[in-house]
Structures are given as C-alpha cells and as structure tokens.
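Naming: A, B, ... by sequence-line order, numbering from 1 per chain.
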There are 2 protein chains.
Amino acid sequence: MAERDADRSVSQTVRAQLALRDQILSGALRPGERISELQAVETAGVSRTPVRMALVRLEEEGLLEAIPSGGFMVKAFSERDILDSIELRGTLEGLAARFAAERGVSARDLEPLKECLNEIDGLVRQSPISVDAFSAYVALNARFHALLTELSRSPPLIRQIDRASALPFASPSGFVMAQSALPEAQQILLIAQDHHRIVVDAIENREGSRAEAIMREHARLAVRNLRLALRNRTHLDLLPALALIRTPEV
Amino acid sequence: MAERDADRSVSQTVRAQLALRDQILSGALRPGERISELQAVETAGVSRTPVRMALVRLEEEGLLEAIPSGGFMVKAFSERDILDSIELRGTLEGLAARFAAERGVSARDLEPLKECLNEIDGLVRQSPISVDAFSAYVALNARFHALLTELSRSPPLIRQIDRASALPFASPSGFVMAQSALPEAQQILLIAQDHHRIVVDAIENREGSRAEAIMREHARLAVRNLRLALRNRTHLDLLPALALIRTPEV
DNA sequence: CTCCCCAATAATGTATACAGTAGGTATCCA
DNA sequence: TGGATACCTACTGTATACATTATTGGGGAG
C-alpha cells in the first residue's frame with residue numbers, strides 16, 4: 001500500500017512486470033501454479049490491463065506458460081532444462097566472441113573489458129572471499145559478459161543472448177552463484193578468470209575460432225560444475241530461483 | 001467486413017496478430033513506419049485491447065520495435081542483420097544436432113528424417129526444377145529442419161530456435177528462397193542435401209562434434225551464398241519475395 | 001524571414017464495465 | 001451411498017470510456 005504511488009516514472013505495465021517477476025523468482029508462486037489476475041492486481045497496485053500486458057511479456061520471457069483453457073501458470077523447469085539453458089547461452093556467447101574477433105575490435109572498445117578483468121583480479125585472489133567481495137565479483141562478471149556480447153556488434157545476436165539470459169539460472173550471475181556452492185569454488189573462479197583473459201587475448205589477435213572455442217569450453221565446464229552442485233542436494237538452497245525447478249511428483 | 005465473424009474459433013488476439021503480421025510481411029507497412037492502433041483496429045475488426053496484446057507479442061517476436069515515446073514501429077533490418085540471423089540459427093541447429101547425437105536417437109525417431117531426405121532426393125535431381133517441385137522442396141526442407149530441432153529433445157533450445165526462425169529471412173524457407181536466385185542454385189540444393197545426409201549419419205553414429213560441425217558449415221555456406229546474392233544486386237528481387245515467406249507455425 | 005513557443009488535437013496508457021465460459025459444489029436420483 | 005447433472009461462482013477475454021502525454025500547426029516575436 002505504501003508502493004501505490006511509488007516511482008511514477010515507470011509505466012504501470014513495467015511495475016506489474018517487475019512485481020510479478022519478483023513473486024515468481026522469490027518462490028511466492030510455485031511452478032505449475034495458476035496466476036490469479038485479481039491477486040496480481042492487488043499486489044502490483046495497478047489495474048487489470050497493465051497486469052495482462054505484463055503477463056504476456058513474462059510468457060514471452062519464458063517465466064510463464066499459457067494455459068489452453070485460459071490464463072497463465074508459472075513455468076516449471078527440469079534440471080536438464082537448466083543445464084541446457086546454460087550451454088545454450090555459452091554457445092551464443094561463443095558466437096559473439098567469434099564475431100568480435102573476426103570483425104575487429106578497436107583497442108578503445110577492448111579497454112572496458114580489460115579494466116573489468118583487472119578489477120576482478122583483486123577479488124578472486126582473496127581466500128576465503130568475503131561476502132561483499134563475492135557479490136562485487138558477481139556484478140563484475142555479469143558486466144564482463146554483457147560487454148563481450150556487445151562487442152559482437154550484432155543486434156540479432158545480442159537480442160538472442162539477452163533472451164537466453166532471461167531465465168535467472170541461465171544468467172551469468174545465476175550460474176556463478178550456483179557454482180559457488182561447490183567446495184572448489186575458489187579454484188573455479190580462478191579458472192573462469194583465465195578463460196576470460198584468453199578470450200580477450202584471442203579477440204585482440206583476431207583469432208575467431210580460438211575465441212569461440214574457449215567460450216564454449218567455459219560454458220561446458222560451468223555445466224559440469226553445476227551438474228555436480230545439483231547432484232549435491234544439500235547445496236541446492238544456494239541456487240538462484242530454486243523455486244523454478246520442478247519438484248518430484250508427490 | 002466479411003471477415004468480421006470469420007473463424008470464431010480463434011481468439012481476437014490471435015486474429016489481430018495474424019492480420020498485423022500479414023500486413024508487415026506483405027510490405028503494406030514499411031520498415032520504420034509507426035503502427036497506427038486505430039488503423040489496426042479497423043483492419044483486424046477487433047477492439048483495441050486484443051490489438052495491443054498482438055502488438056506486444058509481435059514486438060517480442062522481433063517484427064516490431066517499441067518507440068520510447070509510445071507505440072510501436074515496424075523493425076528495420078540491415079543486410080548484415082539478415083546474414084547474422086542465418087548464422088545464428090545455424091549455430092543453434094548445430095547445437096541441436098550435437099544434443100541429438102550425444103543423447104542418442106532411436107531408429108524409429110530417425111525414420112521421419114530419412115523419409116524426408118528420400119522425398120527431397122527425387123526433387124533436387126530435376127534440372128531445371130519445376131516451380132511446383134521447388135515449393136515442395138521448400139516445404140520438405142523446412143520440415144527436415146523442424147524434425148532435426150525436435151530431436152535435440154531440449155525444450156529451451158527448441159524454443160530458442162523457434163524464436164530465431166521467427167524472422168522470415170532467417171527461416172529455412174527464407175534462405176532457400178534467397179539462394180534460389182543464384183545461378184548455381186541447382187548445385188547448392190545438391191550440396192545442401194549432402195549436408196543433411198551427413199548430419200543424419202553423424203547423429204545415427206552418435207558423433208556429436210561431427211553433427212554440429214556439418215550443420216554449422218551448412219549455415220556458413222548459406223551465409224556466403226546469400227552474401228553473394230545480396231552483392232549481385234539481386235536483393236531488390238529477393239527481399240520482397242522473402243517477406244512473403246514464413247515457415248508454418250506448427 | 002526565421003525561430004520559438006503555445007495551444008489544439010490525436011494517440012497512447014490505464015481503468016473499468018460487460019459477456020461468455022470453465023470449474024466447482026450441492027442436490028437429486030438411482 | 002455414490003454418481004451425475006444442473007446451477008452458481010469466479011475468472012478470463014473483450015470492449016469502451018477516461019486521462020495523460022506527445023506531436024503538430026499556427027501565430028507571434030526577434
């Protein structure tokens with residue numbers, strides 16, 4: 001009720017979309033559960049029209065699924081869906097790295113990436129890494145991936161990568177957090193940093209195939225790590241958006 | 001006015017979406033042009049609410065672009081966007097082929113693909129190929145790609161490939177039509193058929209890397225061919241034709 | 001003559017009212 | 001007592017009315 005007149009700068013549709021996404025990701029709405037428009041109207045504090053717009057957008061985003069008889073439900077994902085989504089994004093980012101390398105990148109455009117890596121360097125060498133440093137790392141890592149994607153200068157590819165990252169567990173931050181549940185987390189961060197450095201080097205030297213190969217390997221390693229994390233159920237609570245994983249039938 | 005009560009089985013939203021997509025693809029609405037909701041309401045014969053829903057869906061589909069000040073415009077694509085979109089889809093289909101090979105496919109699941117190839121065989125060997133045979137080929141080729149995608153059994157990947165194929169020029173039918181404008185069209189069809197046969201073989205023998213590599217090469221070849229076609233100034237004839245072609249939804 | 005500002009108009013974003021349908025519950029009959 | 005049917009409720013899909021914002025055109029000032 002305090003939020004009713006908060007942030008008048010954003011449209012009602014966006015506000016509804018954010019509110020609903022929050023509810024889904026926080027687990028307030030369980031997978032398979034039907035979304036109640038009326039309830040959404042109350043929580044978002046807007047009328048049905050923008051709520052319905054938000055529902056359509058969230059469906060296209062992949063968080064919701066249309067029910068044939070009408071309405072929407074929260075989409076449920078299998079563990080394999082999650083692993084596939086990560087490999088998918090890795091493949092696309094590999095293509096982005098190739099494009100960047102083949103098309104040439106000016107030293108000035110490469111500067112932010114290198115700066116990003118340097119900032120990360122100081123963080124990953126701490127052992128054990130502090131909570132603040134870790135969240136700083138997560139943000140910087142996401143920034144690195146975004147910058148790399150941009151370097152492809154291919155709007156269709158960038159768009160597709162954004163879509164592939166929409167699912168929380170498929171986003172860069174998502175799987176960094178997932179891997180952090182593993183005992184070898186510290187070493188994983190160092191390896192990731194190496195990968196990133198190689199990619200930047202390959203792009204700088206215009207070696208498209210090498211840039212792509214290392215990004216794909218990077219993703220495949222992440223998939224292997226996450227598969228391990230998923231198998232170790234005790235660490236599952238550290239996974240982002242665990243609410244979206246389909247629970248076994250009761 | 002005859003369409004007002006036609007097809008009561010589909011929702012008004014879907015009807016509006018189809019009508020608008022038709023208008024865009026047929027060129028009745030030019031790229032960059034702002035969409036008039038009022039006009040859309042008239043042509044679709046429905047009220048503003050389903051029209052706006054359709055607009056949001058078409059934006060997510062990639063055919064429209066939101067205008068910051070409000071409303072939507074028809075999205076404009078550069079030639080490079082078109083080429084990138086094709087390579088993008090090829091990359092995704094390569095991953096699909098890899099998944100299919102690595103995860104194993106039963107002989108029964110592979111049957112429809114082989115049948116598809118056999119049906120195509122008879123068509124591509126005709127020289128010159130008749131108009132009817134060509135459109136039959138286009139349909140069968142699209143079917144082959146759809147079946148191959150399905151074989152990955154990865155819902156996230158399938159979804160992403162569908163999205164990548166939403167743009168008419170990036171769809172299998174789209175670039176077959178584009179390449180058909182080249183003088184070596186006949187030979188291109190034969191090469192494509194070879195590629196497809198190799199992919200099926202690789203999947204059957206569970207050679208993931210080979211299956212992926214050949215699909216990517218297939219796409220890169222198509223990109224090269226289309227770049228030639230665009231450079232030869234045949235694109236003035238090509239683009240309108242491309243706009244008319246879309247892969248069947250199913 | 002040109003540039004800027006204000007006002008009128010049109011179109012978007014939002015809210016609400018209406019209609020049709022699916023699902024649930026209660027009652028009645030076997 | 002169990003099952004089927006009919007009614008009722010609640011929710012979705014659609015239409016329309018309202019408000020707010022952008023755009024355009026004209027008029028006035030420099």
Residue A:Ser11, side-chain heavy atoms: nucleotide from D:dA15, D:dC11, C:dT14 that is nearest: C:dT14
Closest to side chain of B:Pro50, choosing from D:dT14, C:dA15, D:dG13: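 Nearest to the side chain of B:Pro50 among the choices is D:dT14.
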The complete set of salt bridge (Lys or Arg N to Asp or Glu O under 4.0 Å) pairs with one or both residues in residues 165-180 of chain B, sequence neighbours excluded, reads none
Which pairs with one or both residues in residues 67-77 of chain B pass salt bridge (Lys or Arg N to Asp or Glu O under 4.0 Å), sequence neighbours excluded? none
Under 3.5 Å, is there a donor-acceptor pair between the B:Arg15 and B:Gln12 side chains? yes
Donor-acceptor side-chain pairing of B:Asp81 and B:Ser78 below 3.5 angstrom: yes
Show me the protein contacts with nucleotides 16-25 of chain C, counting only N or O atoms at under 3.5 Å.
| unit_1 | atom_1 | unit_2 | atom_2 | d |
| --- | --- | --- | --- | --- |
| C:dT16 | O4 | A:Thr49 | OG1 | 3.3 |

Please state whether the rings of A:His145 and A:His196 are parallel, tilted or perpendicular, taking 30° and 60° as the class boundaries.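 Because their plane-to-plane angle is over 60°, the rings of A:His145 and A:His196 count as perpendicular.
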Gap between atoms CD and P, on A:Glu33 and D:dC11 respectively (whole Å):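 Computing the A:Glu33:CD to D:dC11:P distance gives 13 Å.
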Touch class at under 4.0 angstrom, heavy-atom based, for B:Leu55 against every strand present: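 B:Leu55: no heavy atom of the nucleic acid under 4.0 Å.
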Using a 4.0 Å heavy-atom cut-off, does A:Ile67 contact any base of the nucleic acid, only the sugar-phosphate backbone, or nothing at all?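 A:Ile67: no heavy atom of the nucleic acid under 4.0 Å.
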Between D:dT14 and B:Thr13, is there an OP1 or OP2 to side-chain N/O distance shorter than 4.0 Å?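 Yes, such a contact exists.
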Around atom CZ of A:Arg143, are there more than 12 heavy atoms of other residues, nucleotides or ligands at under 6.0 Å?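 It does not: A:Arg143 CZ has 12 such atoms or fewer within range.
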